[in-house]
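One structure is given below, encoded as structure tokens.
Each chain gets a letter, A, B and so on, in the order its sequence line appears, and its residues count up from 1.
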Protein chains: 2
Amino acid sequence: MDRKVATIQDVAKAAGVSTATVSRTLSKPSVVAATTREAVLSAVAETGYRVNATASNLRRQRTGSVIVLLPNIANPFFSQILAGLASILTPAQYGMLIADTQAGPDPDQRFRHYLTSGQADGIVLLDGSLAPDALDIPGRPPVVMACEWMTRDLPSVRVENGKGAAMAVGHLARLGHRAIGHVTGPRGNLLTETRLEGFREALTSVGVPMRPDWILEGDFSMDSGAAAARAWLDMTDRPTALFFSSDEMAVGFMGAVQREGVRVPDDVSIVGFDNIEIAQHLSPALTTIRQPRTQIGIRAAELLLGMIESGTRTGPSDLIEIEFIRRDSAGPPPRKTSG
Amino acid sequence: MDRKVATIQDVAKAAGVSTATVSRTLSKPSVVAATTREAVLSAVAETGYRVNATASNLRRQRTGSVIVLLPNIANPFFSQILAGLASILTPAQYGMLIADTQAGPDPDQRFRHYLTSGQADGIVLLDGSLAPDALDIPGRPPVVMACEWMTRDLPSVRVENGKGAAMAVGHLARLGHRAIGHVTGPRGNLLTETRLEGFREALTSVGVPMRPDWILEGDFSMDSGAAAARAWLDMTDRPTALFFSSDEMAVGFMGAVQREGVRVPDDVSIVGFDNIEIAQHLSPALTTIRQPRTQIGIRAAELLLGMIESGTRTGPSDLIEIEFIRRDSAGPPPRKTSG
DNA sequence: ACAAAGAATGAAATCGTTTACAACAGATTT
DNA sequence: AAATCTGTTGTAAACGATTTCATTCTTTGT
């Protein structure tokens, strides 16, 4: 009975060589003689040997894994970024550890914990709300931010959020809208602020004044979109079009107003942001700004691996192109505006 | 300059004790004298020492992480299960490694790889399509299945799928439907088969014959729901109600038929399965069967940790209660059926 | 024919912990 | 007073790989 798992010692014995040779056969086959190589390989097959990753990592002073820190695992927005990350990390033989920052009581402390725990060779940060000064830790692993980012010059993969907002506003203005509102993400979030700023600038550039009471605060979730719908329905003087800082909010809004008999886009035009999968399956299909999330994940992983391999703590940033997707949730404004 | 990270040796030296004492202070504080304990702890604080997880794991013959294998990371259905898993694994000091089974060419081989790689103390399997005989590996870690499951008696966390289908059919029959169709998941999948079987049985129990041409095959995705919509629209004799094996397919179907001017539930009634977040935000809100996904994740993690701690390869299974959620996508059949 | 270079291998140190065992002091029992 | 126990600490051996350095055996150049 071989109850125990075979070690490199067992293989060495079976092949009649030293452990050094076994190790070399597996990592740098070119330096060992063809005949020995074959002997070793058949001994490996015979014993069913698998290298013990923990021992290997200890000796090589690495962990072989990368931590992905995200605010909320359950948020489907991130799952496609994860898929992109995995598509690079897995082939490169890195494990992908997932951790929730907002799960515990103190997110900043959790961030610091992962930064110092030495459990990963690198960190992908998908949560922009974490304290930048946590990074002043000696010997910390390289960190790459994706989507959100902080004031500090951390390497990051991002998207031209302001430009996205401008695309949305431009489209609505071209359709004839003059009464355009905006539903934001949570205040303080950098995505929120950049898109809001882009929205504001775009409005001035098309010569439409911004109405502060038409700026509604959300938190990117469907529920907050539905809440915005209630607020909109209660308005006496409603905007004829709304730009949402996330598709999820747009979905929540659209469902809620439709259930009240409001027609989209006849009564109100809607533009989202992200192009989540469902956007094209709604009725009407949602006009939105596409963020290539898989691509974001891929670039973030590539950047991080580059830093890990070169041993640097800093690196380049990357800007991913976004795309305006015209569908059917935005149309010309109604003839008569209410109020 | 303390460029290097402090090791247990450094702490021992600073505190004037042996490494054994440092280790004991950190893991079993009760066995060391109060004064020494304080000396060690202040030395730890002073040096900024963090135990090297890799070394610790090697010595303790564990890895400190659990692998979650899922068919497709990008599928949002799984993200809430992940959240449930994380809520148990993180406090228990286990890392959560995520891997995609369908990413590479040979899923079974990938499964086998993770089973033998020794990179995790346990595996959570969310992909029921993997070969059961892969489990005949000596010294493999404990595995728990969630949602899907295989013929082999693996510990699993599941849901009464057949009962869910029966709830859906019962509801539709009570509303007066006699022409009920079903959109399945991919053939061969156990979820698909159990729900289909439940559907079939429920039909006979309410005395409605099953029409094979009203059984459409999907793959759980929104796209396949939209494809089912096209098929349904092309039928000369249409069912007045459809039960979908996933909410995603129901969403894809509903959007597609609505865009063709079909009214839900006036023209066709829809019942989904899962209760994904968007279900309540659609117009009309989707009637469905709730699967408590967070709960599923929690139980799976608990089961797995139990097996890891007790050193067993087998363990109990668990059945999670589902719930019928009545919303507005199913109503009485139209007066006149087409055909 | 002999030195130098090259190719292939092994011995042993090392990575940073944990823990079995031994050692020792002081307290308690006989 | 000897023997036993209890509580605390240190010594040193693992854990399973990788890699430096030394060694042996060929091969090549002069």
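Shown here for B:Ala146 and B:Leu126, the closest heavy-atom pair between the two residues is CB-CD2, 3.4 Å.
Relative to the ring axis of A:Phe78, A:Arg293 does not place its NZ or CZ within 45° and under 6.0 Å from the centre.
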Protein-nucleic acid N or O pairs under 3.5 Å, nucleotides 19-26 of chain D:
| residue | atom | partner | partner atom | Å |
| --- | --- | --- | --- | --- |
| D:dT19 | O4' | A:Arg59 | NH2 | 3.4 |

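When A:Asn72, A:Thr101, A:Asn189 are each tested for a side chain to side chain donor-acceptor pair (under 3.5 Å) with A:Asp127, only one passes: A:Thr101.
With hydrogens and angles ignored, the 3.5 Å screen pairs no side-chain donor or acceptor of B:Ser23 with any backbone N or O of B:Thr19. For the pair B:Asp219 (side chain) and B:Pro186 (backbone), a donor-acceptor distance under 3.5 Å is absent. Side chain of A:Ser56 to backbone of A:Asn52: no donor-acceptor contact under 3.5 angstrom is found.
Nucleic acid contact for B:Arg62: none, since no nucleic acid atom lies under 4.0 Å from a heavy atom of the residue. Backbone-only engagement by B:Val17 is indicated by non-hydrogen atom pairs under 4.0 Å involving sugar-phosphate atoms exclusively. The residue A:Thr54 sits apart from the nucleic acid: no heavy atom pair falls under 4.0 Å. Nucleic acid contact for A:Arg50: sugar-phosphate only, since backbone atoms but no base atoms lie under 4.0 Å from a heavy atom of the residue.
In summary, contact between chain A and DNA chain C, defined as any nucleotide atom under 4.0 Å from a heavy atom of the protein, begins and ends at C:dA8 to C:dG16 in the 5' to 3' direction.
If you take OH of A:Tyr49 and C1' of D:dA17, they are 6 Å apart, rounded to a whole angstrom. Rounding to whole angstrom units, CD of residue B:Gln9 and C1' of D:dA12 are separated by 12 Å.
To the nearest 0.5 angstrom, B:Cys147 atom SG is 3.5 Å from B:Ile81 atom CD1. With values rounded to the nearest 0.5 angstrom, A:Arg299 atom CZ is found 10.5 Å from A:Ser317 atom OG.
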